[in-house]
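A short worksheet on the structure shown next.
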Amino acid sequence: IHRNWYFNKLESLKRAELLLAISEYTRQEAIELLELQGERVVNVSAAVSDIFCPKSLTADESRSLLRQYAVTRPFLLYTGNLDANKNLKGTIQAYAMLPSGVRQTHQLVIISQMNAENLHLLNQYKEACGLKADEVIFTGFISDEYLVKFYNLCKAFVFPSLYEGFGLPALEAMSCGAACIGSNVTSIPEVIGRPDALFAPSSSGEIAKAMHRVLTDDGFRRSLRDHAIIQAARFSWDDSARYSLLAFEDMLKQDRHKTGNQKLEKIDSSSDENSNYNILIKQLSQIDAGIEPTEDDIRQTADSIAINEVTFREKQIFVDVSTIILHDAKTGIQRVVRSVLRHMLDKPPAGYQ
């Protein structure tokens, strides 16, 4: 079921005139895997909420928050879900490879929503890696307000994901001024923008090496903090909106260039058997409705075909009735849908079909 749904979704994407991608990596992936022409896929990038920004916390605020989650030392922060591509176990294993002196003076804080079973399994894995109870802290789910505070308080942020379409957590952290290290694969290098802050996520040794440097090299960490604010400023929803509007305009220009302002030819019902009209009639006749259509059914079908016969290029409004046509529960919502459609058909908005 999931496989069929997924491949149907891919076929739907292939039929789109324009796809907006959230990173250049995603754009190239769509072009390659969906076999699309480059101009049909545009990178509009992404951004984060304005709440993710540098904040000055008082000593009391900091102590209160950290005490609540048993954070007692400078910490390396990770945020994300428990999906396999997030590489959480690889992160824990890499942290366990750090020298004991580094682990004794730091903690790894993992912010991720998890149930009791997940927490138990991760604690078991942590112990199997030789880590003590207070060396890795699992906070569970926290609010965005607390998340912003954690980004601001962390010594550094690590993003070891194996695959990302964009990588919002890294940009959130950098928007708060955090020194950020992350994977050198998929879209993550675009977000972080510092080759010397990247590592191979499939190698626990490389992750550990990057962790060690960012936690112990003060000059390197300061340079990453300075870079974070500059790099994060390159991403904004205003820019994404502008890129999207430009893409829409370019698509319309190309469409006008292809069709011009000429009227589309009227469908000729007397044409050969392969015409759109006759193909439609043939397909309609093969529908197994379970009952013989009445004269009125045939007349209404003919009227519907006539209404939908496009004789000139006009803006169109498409309404999906694929559910209501099969399962009409006559609920309030469905009655409203029918009423709206009836009025739109009787008196469509000016300039629309």
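Computed from heavy atoms alone, side chains included, the values below leave out hydrogens, waters and symmetry copies. All residue numbers refer to positions in the sequence shown, counting from 1.
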Locate the shortest heavy-atom distance separating [X] from [Y]; write the atom from each residue and the value.
{"X": "S187", "Y": "G167", "answer": "OG-N, 4.3 Å"}
{"X": "K86", "Y": "P160", "answer": "O-CG, 3.9 Å"}
{"X": "C129", "Y": "A96", "answer": "O-CB, 3.5 Å"}
{"X": "H106", "Y": "K155", "answer": "NE2-NZ, 2.9 Å"}
{"X": "A70", "Y": "I137", "answer": "O-CD1, 3.8 Å"}
{"X": "C180", "Y": "A170", "answer": "SG-CB, 4.0 Å"}

(request) Verify the ring-centre separation between F235 and F166: is it less than 6.0 angstrom? (result) yes
Would you confirm whether [X], through its side chain, and [Y], through its main-chain N or O, come within 3.5 Å as a donor-acceptor pair?
{"X": "S339", "Y": "R335", "result": "no"}
{"X": "T186", "Y": "E164", "result": "yes"}
{"X": "S64", "Y": "D60", "result": "no"}
{"X": "T26", "Y": "G165", "result": "yes"}
{"X": "E190", "Y": "S23", "result": "no"}
{"X": "S112", "Y": "G80", "result": "yes"}
{"X": "Q231", "Y": "V191", "result": "yes"}
{"X": "S161", "Y": "N85", "result": "yes"}
{"X": "Q107", "Y": "F75", "result": "no"}
{"X": "T79", "Y": "I111", "result": "no"}

Does a sphere of radius 6.0 Å around [atom1] in [X] hold more than 12 heavy atoms from other residues, nucleotides or ligands, not counting ones at 6.0 Å or beyond?
{"X": "F138", "atom1": "CZ", "result": "yes"}
{"X": "Q124", "atom1": "CD", "result": "yes"}
{"X": "N8", "atom1": "CG", "result": "yes"}
{"X": "Q286", "atom1": "CD", "result": "yes"}

Say whether [X] and [Y], considering side chains only, have a donor N or O and an acceptor N or O under 3.5 Å apart.
{"X": "D320", "Y": "S322", "value": "yes"}
{"X": "N152", "Y": "K149", "value": "no"}
{"X": "D226", "Y": "S223", "value": "no"}
{"X": "D250", "Y": "Q254", "value": "no"}

Considering only heavy atoms from C-beta outward, does the side chain of [X] approach that of [Y] to under 4.5 Å?
{"X": "I92", "Y": "I110", "value": "yes"}
{"X": "R213", "Y": "I181", "value": "no"}
{"X": "R221", "Y": "D218", "value": "yes"}
{"X": "F220", "Y": "L224", "value": "yes"}
{"X": "V136", "Y": "L122", "value": "no"}
{"X": "L131", "Y": "R103", "value": "yes"}
{"X": "S183", "Y": "I207", "value": "no"}
{"X": "V185", "Y": "Y163", "value": "no"}

(request) In sequence, state the C-alpha distance, the side-chain angles, and the governing distance for R73 and Q104, and then conclude on side chain to side chain contact (heavy atoms under 4.5 Å, CB included). (result) CA-CA 9 Å; R73 304 191 290 274; Q104 288 170 7; 5.8 Å; no
Establish whether [X] and [Y] are linked, either directly or via other cluster members, by ILVMFWY side-chain heavy-atom contacts under 4.5 Å.
{"X": "L77", "Y": "I192", "result": "yes"}
{"X": "L121", "Y": "L82", "result": "no"}
{"X": "F199", "Y": "L88", "result": "yes"}
{"X": "L119", "Y": "L108", "result": "yes"}
{"X": "V337", "Y": "I317", "result": "yes"}

Measure the spacing between [atom1] of [X] and [atom2] of [Y] and express it to the nearest 0.5 Å.
{"X": "N115", "Y": "H120", "atom1": "CG", "atom2": "NE2", "answer": "11.5 Å"}
{"X": "I22", "Y": "L168", "atom1": "CD1", "atom2": "CG", "answer": "7.0 Å"}
{"X": "Y243", "Y": "N43", "atom1": "OH", "atom2": "CG", "answer": "8.5 Å"}
{"X": "R338", "Y": "I333", "atom1": "CZ", "atom2": "CD1", "answer": "12.0 Å"}
{"X": "F159", "Y": "L198", "atom1": "CZ", "atom2": "CG", "answer": "12.0 Å"}
{"X": "L76", "Y": "M211", "atom1": "CG", "atom2": "CE", "answer": "5.0 Å"}

(request) Assess whether side chain to side chain contact (heavy atoms under 4.5 Å, CB included) is satisfied between E11 and F7, documenting all intermediate values. (result) CA-CA 6 Å; E11 290 304 315; F7 280 95; 5.8 Å; no
(request) Apply side chain to side chain contact (heavy atoms under 4.5 Å, CB included) to I305 and L284, showing your working. (result) CA-CA 11 Å; I305 293 172; L284 287 173; 3.7 Å; yes
(request) Identify whether the distance between the nearest side-chain nitrogen and carboxylate oxygen of K209 and E206 falls below 4.0 Å. (result) no
(message) Taking the basic N atoms (NZ, or NE/NH1/NH2) and the acidic carboxylate oxygens, is any pair closer than 4.0 Å for K132 and D134?
(response) no
(message) Among F150, F52, Y151, which residue satisfies the ring pair (Phe, Tyr, Trp, His ring centres under 6.0 Å) criterion with F157?
(response) Y151
(request) Sort out for me which residue in V41, L34, L33 forms a side chain to side chain contact (heavy atoms under 4.5 Å, CB included) with L13. (result) L34
